[in-house]
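Let me begin by presenting the structure, written as structure tokens, before commenting on it.
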Amino acid sequence: MKSVIILGSTGSIGRSAIEIVTRYKERFRVTGLSTYRNAELLAEQLEIFPDARYAAGESDGIVEVGRLAPSAKDRAAGYGQSGIEALIKESAPDIVINALVGIAGLGPTLWALEAGSDVALANKETLVTAGELVTCKAREAGKHIIPVDSEHFSLSRCLRGNREETAEIILTASGGPFYGKSLEDLKDVAIEEVLDHPTWSMGKKVTVDSAHLLNKGLEVIEAHHLFDFPYDAIKVVIHPQSLVHSLTRFRDGSMLAHLGPADMRLPIMSALFHPEIVEFPWEVLDLADIGKLEFHTVDMERFPAFRLAMEAAAAGGTAPAVLNAADEIAVEAFLEGRIGFLDVIAWIDEALESHEPAPVRTVDDVFAADRWTRKFLVEAHSQAHSG
Ligand code: MG
């Protein structure tokens, strides 16, 4: 039996992970769960897993969970980052699913590796902001970072046994809900339109990032660290059907395309059972049903957020941490209705313009760049902040 902690168990990835460990309950023992603020759902999940301890975002979340699920009353590990740290260190499970949102996922990835756990990583910010530190730590610990992201899961399939012969890796992007529209058209789009993704059902933050194609920029950085390809050997292509998740080109000029249903249970299941391959119990693809697959070039002028991400990647050091922090704070402002959709790009641009990238030697360098960015944007846009 594998012991598992699911961080962010009430979010989109977390709920799918719960579905899988429940279905295969003879294979997994859940030792920990965490939520940011969905005490109600966490209380329900804790009733299903009597051995699981838990953490919540705030102290009142702990109180609320104890009230809703009396059987869980004595199972709180704590709240905030220290609660998650305690949760991981107390049980040191075989695998930690990190489905936290934002830079809040970085510390937990490091604690999991230190505790001797493999990490099923759905928190892309971990690798975007501190890719070298984290991959180095995993190597030292002899532990695996298993990507829970459709494109990276797909790439790991394409590269298996083929790494040496592969010259180039290609990630696909759906293009999001506004593909084919001009930037001018997007000035006044409503939050609901942004959140209405054509092919994937995901959390809010990643859905907004996908509409800007910034998400694909973050994924290129993630791929660079996970698979150790230089940036000029990583390409992106628009593929509106979201069924080919990645492609690789071999040195001999031939290519491999990897298809799968647009279903996150596929990468989550693969990560949970890693390295074992098990049968997928849900619907698989019917090619004749699909009919056609399209591919288009990414227009950098049309997707400025993607261009900014690639510039931050090339600058390296603390620049990706600034990109990430600016995006987090701008997307939050957008979701709260304080700024428009295109202002998100403007905020990221401003922060990157004003930042002098420095080398990342320790994780504190990452957190310092993160704090600098938040302070910079709060001060630059105090009006949008006071709302
Ligand atoms: Mg993805």
Side-chain angles (χ1 to χ4, degrees), residues 8 11-17 97-102 105 109 119-129 131 134 145-159 169-179 194-227 229 231 234-248 257-272 274 285 293 295-296 298 303 305-306 309-310 313 320 323-324 327-328 331:
S12 167
I13 297 279
R15 292 194 307 271
S16 294
I97 299 185
N98 184 346
L100 298 169
V101 178
T109 298
V119 180
L121 191 62
N123 173 267
K124 54 191 66 157
E125 294 83 353
T126 288
L127 289 174
V128 168
T129 61
V134 171
I145 293 179
I146 309 152
V148 178
D149 201 337
S150 57
E151 298 79 0
H152 304 79
F153 158 72
S154 173
L155 279 169
S156 65
R157 287 308 255 137
C158 289
L159 291 168
I169 59 178
I170 302 160
L171 288 82
T172 60
S174 71
F178 306 128
Y179 185 65
V194 175
L195 292 181
D196 188 19
H197 196 276
T199 50
W200 288 100
S201 150
M202 308 176 284
K204 281 185 184 174
K205 160 89 170 31
V206 58
T207 306
V208 179
D209 285 345
S210 295
H212 277 303
L213 221 71
L214 179 77
N215 182 56
K216 208 52 56 179
L218 301 179
E219 290 183 350
V220 167
I221 302 175
E222 220 185 345
H224 164 75
H225 292 296
L226 277 169
F227 306 114
F229 278 86
Y231 283 113
I234 308 176
K235 302 278 154 60
V236 170
V237 66
I238 303 271
H239 167 52
Q241 289 81 18
S242 293
L243 296 171
V244 174
H245 303 296
S246 79
L247 306 97
T248 54
H258 183 254
L259 288 79
D263 185 338
M264 284 306 289
R265 289 176 299 190
L266 191 61
I268 299 169
M269 221 168 117
S270 167
L272 273 166
H274 178 90
L285 287 184
L293 300 169
F295 300 93
H296 310 282
V298 179
F303 290 108
F306 179 71
M310 292 301 86
L323 167 83
N324 177 71
D327 177 53
E328 276 188 41
V331 168

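Counting starts at 1 for both ligands and their atoms, following the listed order. For this chain, numbers begin at 1 and follow the sequence in order. Being a predicted model, the structure only gives us computed values, none of them experimental.
- Distance check: Leu155 CG to Leu226 CG gives 9.0 Å after rounding to the nearest 0.5 Å.
- Glu219 meets the salt bridge (Lys or Arg N to Asp or Glu O under 4.0 Å) test with Lys124, Lys216; sequence neighbours excluded.
- Side chain of Asn98 to main chain of Asn123: no donor-acceptor pair is present (N/O by atom type, distance under 3.5 Å, no hydrogens or angles).
- From Leu100, atom CG reaches atom CD1 of Ile13 across 11.5 Å, with rounding to the nearest 0.5 Å.
- Between Tyr179 and Phe303, the ring-plane angle classifies as parallel under the 30° and 60° cut-offs.
- Expressed to the nearest 0.5 Å, how far CG of Asp149 lies from OG of Ser246 amounts to 11.0 Å.
- The number of protein N, O or S atoms lying under 2.8 Å from the Mg ion (ligand 1) is 3.
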